[in-house]
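Here's the structure we're looking at; comments come further down.
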Protein chains: 2
Amino acid sequence: MNDHSLFAMKQNKNKEKYFRIIQAATRVFARRGFYQAKVSEIAREAKVADGTIYLYFENKDDILISLFEEQMKVVLQNMREQVAGLESPVQKLERFALCHLRLIEQNKDMAEIIQVELRQSSKFMKSYKNEQFAEYLDLIADIVRAGQQEGLFKKAILPDLVKRALFGALDELSRYWVLSSHRKYDIETAAKQISDTFLYGLAADSGKISAEIQGKRERRLR
Amino acid sequence: MNDHSLFAMKQNKNKEKYFRIIQAATRVFARRGFYQAKVSEIAREAKVADGTIYLYFENKDDILISLFEEQMKVVLQNMREQVAGLESPVQKLERFALCHLRLIEQNKDMAEIIQVELRQSSKFMKSYKNEQFAEYLDLIADIVRAGQQEGLFKKAILPDLVKRALFGALDELSRYWVLSSHRKYDIETAAKQISDTFLYGLAADSGKISAEIQGKRERRLR
DNA sequence: GGGTTATGAATGAATGATCATTCATTATTC
DNA sequence: GAATAATGAATGATCATTCATTCATAACCC
């Protein structure tokens, strides 16, 4: 638990207001970007006074950090559950790609904060390491390592590198989706293209990957 | 030619000073981030007075945009030349990945502006479309389409989607590299892992891809 | 050729807008 | 009534930009 959560814990008297401010901040940051967004706008959106914000958060940066941590907690938990129900690394990777891109549909503002605004905002973010974000990436690395152990993926693949490549690929598509007004493909198509590209790209034997992907389809038809 | 270049053209009397300001801005933005960077710092770094900046650029945003356009021109030109000398889409894609990641070594500040700061900075950037950046991405799409035409890559692949995925993957590794103090792999390793992943991922027949990659090695040994 | 004037570039302190944050005051809760 | 929470105008810091002034150079005149 870091300093920011500690601050929030101290102000724990009114969780409803704390989360209301966080939700409001999500919308305002998504709409305006971190730097253009004003604390007074967040206060108005949350229906509290400007000064109330400082009863719950240390400063404007703290709002963004707290928001990210709260939201990342949800995202990580959800992704863990999605992936846990599957046995095969192939299905896990497919599910990861789909769920990650699905964030956009489920909560556009939240997706924008996580994918567009936060990791971008400023130099101070360079020194901010979010453990949950690292764990999110490690989900990918764990899938890759499992695939290597089962002989599905090449031994020469570096999981810590591939996790970033896959995340980067998904993230770029998310960003495009968020920023773009007309989209030429839907989320399912995009997820499938990316997961297939990575699965066949990592494959020790592409026949085995096809079988795993086909295997999933047959299980569905039963 | 957009409005910003036109402004620069009008102030064309002292190109040396214009570029000196741009170089200084590159360093300051890379070091401090766009929002933390002050115009006065750029002026100091360029050894000009604060007010002189406004003889050459409309405002702070214009500095960033002009800088991006100047630098992107160079990056695009260089990448075109690197790729033009090659015949095979396989070699082209490999070269693209390597050259993109090599940007980091050649000019860390420039790489940071292009890869970390610019596409991130604010909501006004959402409406700013850089033609050269789009063309940079289209280099990838063109490589993919050529690969499809030659029967090397799957027909079902969407080039406009894959270009973003590859760029995103490379970009995330660049970002990690720029932001990270200790790196576990070198640029050549990273580039190879990514290009291989994408090449085998896109492959209509992985045997053919292996042959193309091997073919390159044999040509080298002669 | 030298001195004066005009012009444009450059200067940097002043200006004014912005907005995060504070804190005296008010409202609410127990 | 006391303690706590909430308020929102005031405060003060920040900094992008302006503009009166200076400087450097070219042009003009004698």
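Remark: P of C/dT22 and CG of A/L55 are 11 Å apart, rounded to the nearest angstrom. Between the CD1 atom of B/I53 and the C1' atom of C/dG12 there is a distance of 13 Å, given to the nearest Å. At whole-Å resolution of the value, OH in B/Y35 and P in C/dA20 are 13 Å apart. In this structure, A/D50 atom CG and C/dA24 atom P are separated by 18 Å, rounded to whole Å. Taking atom CG of A/L64 as the reference point, atom P of C/dA20 lies 13 Å away to the nearest angstrom. To the nearest angstrom, P of C/dA20 lies 9 Å from CD of A/E41. Remark: P of D/dA16 and CD1 of B/I63 are 9 Å apart, rounded to the nearest angstrom. If you measure from atom CD of B/E16 to atom P of C/dA9, you get 15 Å, rounded to the nearest angstrom.
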* Asked: Could you go step by step and tell me if A/D186 and A/T189 meet the side-chain hydrogen bond (donor to acceptor under 3.5 Å, both in side chains) rule?
  -> CA-CA 5 Å; A/D186 62 29; A/T189 304; 2.6 Å; yes
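Of the two residues contacting DNA chain C, namely A/T52 and A/K38, the nearest-nucleotide position lying further toward the 5' end is that of A/K38. Toward the 5′ end of DNA chain C lies the nearest nucleotide of B/V48, the other residue of the pair B/V48 and A/K60 mapping further downstream.
For the OP1/OP2 pair of D/dA6 and a distance below 4.0 Å, the side-chain nitrogens and oxygens of A/K17 include at least one atom meeting the criterion.
Counting only heavy atoms from C-beta on, A/Y56 has its side chain closest to D/dA6 among C/dA13, D/dA6, C/dT11. Each of D/dT17, C/dT21, D/dA6 was ranked by its minimum atom distance to the side chain of A/N59; first place goes to C/dT21. Of the listed nucleotides (D/dA6, D/dA16, C/dT21), C/dT21 has the atom at the smallest distance from the side chain of A/V39. In the set C/dA13, C/dA10, D/dA16, the nucleotide with an atom closest to the side chain of B/Y54 is D/dA16.
Between B/F167 and B/F96, the distance from one ring center to the other does not fall under 6.0 angstrom.
A salt bridge links B/R145 with B/D160: the closest approach of a Lys/Arg side-chain nitrogen to an acidic carboxylate oxygen falls below 4.0 angstrom. In this structure, B/E45 pairs ionically with B/R31, as a charged nitrogen and a carboxylate oxygen lie closer than 4.0 Å. Under a 4.0 Å N-O distance rule, the pair B/E41/B/R44 does not qualify as a salt bridge.
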